[in-house]
Asks: 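The structure follows.
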Amino acid sequence: MAERKPRWKAAAEFVLNPRFLLCFGLGWLITNGWAYILLGVGGALGIRWMIAVASAYMAFLWFPFTPEKLVTIFLAIALLRLLFPRDRKTLTRLKLLRRSARRKFEEEKARWRAWREGRKK
């Protein structure tokens, strides 16, 4: 458990960074926020098509296969790189997290291949 603490701390520092939170908020507004705004404006002004479009989109988000959360995170990272290109600390943290995730993925892939090869014999 002691080896996971630095990884969790690094991830928390990346996610709780004010610049990333700003970019995540903008990404959320692009992917979801517009529907909540549309629903509020449509409800306040009594515009039925706004309510219908916003409700349909929000209902779609409840399906388990919607990639909305992944799209929001990827969009937030892209906005972070675009809006704050000189933020070396956050971008370095992102690069380290990506390397760590890639290394873990390769380890799991190697374990899976070894297991599959062992079953063939």
Side-chain angles (χ1 to χ4, degrees):
M1 188 69 179
E3 72 176 22
R4 289 185 180 236
K5 187 174 180 182
R7 245 190 273 163
W8 280 103
K9 185 179 177 183
E13 286 176 357
F14 173 71
V15 171
L16 297 176
N17 182 343
R19 291 179 177 144
F20 180 76
L21 288 175
L22 172 70
C23 293
F24 185 79
L26 290 173
W28 183 83
L29 278 173
I30 292 170
T31 57
N32 293 346
W34 65 269
Y36 289 97
I37 293 169
L38 211 62
L39 185 66
V41 170
L45 299 178
I47 303 172
R48 293 181 189 263
W49 71 265
M50 283 186 177
I51 297 170
V53 169
S55 299
Y57 182 75
M58 285 191 232
F60 175 73
L61 292 178
W62 282 92
F63 288 126
F65 59 83
T66 57
E68 165 267 330
K69 289 157 190 64
L70 291 175
V71 170
T72 303
I73 291 172
F74 288 135
L75 189 58
I77 291 171
L79 286 171
L80 180 71
R81 289 181 176 172
L82 181 69
L83 297 177
F84 303 107
R86 293 184 182 165
D87 185 13
R88 291 288 164 217
K89 183 178 178 184
T90 306
L91 294 176
T92 302
R93 179 75 36 97
L94 177 62
K95 191 179 288 186
L96 292 174
L97 287 172
R98 186 174 58 209
R99 282 183 191 163
S100 174
R102 183 70 179 172
R103 186 173 43 249
K104 183 71 174 168
F105 175 75
E106 292 297 330
E107 289 172 3
E108 290 297 321
K109 192 164 74 170
R111 263 186 43 201
W112 171 254
R113 283 184 181 159
W115 177 81
R116 196 172 62 192
E117 291 299 319
R119 287 194 38 106
K120 285 183 181 178
K121 294 179 182 181

Asks: If hydrophobic clusters are built from ILVMFWY residues whose side chains come within less than 4.5 Å, do Leu38 and Leu29 share one?
Replies: yes
Asks: Rounded to the nearest 0.5 Å, what separates atom CZ in Phe60 from atom OH in Tyr57?
Replies: 7.5 Å
Asks: Where does the angle between the aromatic ring planes of Phe65 and Phe63 fall among parallel (under 30°), tilted (30 to 60°) and perpendicular (over 60°)?
Replies: parallel
Asks: Does one hydrophobic cluster hold both Val41 and Met58, with members joined at side-chain heavy-atom distances below 4.5 Å?
Replies: yes
Asks: Grouping I, L, V, M, F, W and Y whenever their side-chain heavy atoms are under 4.5 Å apart, do Leu82 and Phe74 come out in a common cluster?
Replies: no
Asks: Given Phe105, which partner from the list Arg103, Lys109, Glu107, Glu108 fulfils the side-chain contact (heavy atoms from CB on, under 4.5 Å) test?
Replies: Lys109
Asks: For the pair Arg102 and Glu106, find out whether any cationic side-chain nitrogen is under 4.0 Å from an anionic carboxylate oxygen.
Replies: yes
Asks: Going hydrophobic residue to hydrophobic residue with side-chain gaps under 4.5 angstrom, can you get from Ile30 over to Phe20?
Replies: yes
Asks: Measure across Trp34 and Val53 and return the closest heavy-atom pair with its distance rounded to 0.1 Å.
Replies: CZ3-CG1, 4.2 Å
Asks: Do Arg19 and Leu80 pass the side-chain contact (heavy atoms from CB on, under 4.5 Å) test, and can you show the C-alpha distance, the side-chain angles, and the key distance before you say yes or no?
Replies: CA-CA 7 Å; Arg19 291 179 177 144; Leu80 180 71; 4.1 Å; yes
Asks: Pairs in or reaching into residues 24-33: which pass side chain to side chain donor-acceptor pair (under 3.5 Å), with residues at least two apart or in two chains?
Replies: Thr31-Thr72, Asn32-Glu68
Asks: Do Phe24 and Ile73 have side-chain heavy atoms sitting under 4.5 Å apart?
Replies: yes
Asks: Could you tell me which non-hydrogen atom of Ala54 sits nearest to which non-hydrogen atom of Ala35, and how far apart they are?
Replies: CB-O, 3.2 Å
Asks: Consider only side-chain heavy atoms of I, L, V, M, F, W and Y, link residues closer than 4.5 Å, and tell whether Leu22 and Ile37 are in one cluster.
Replies: no
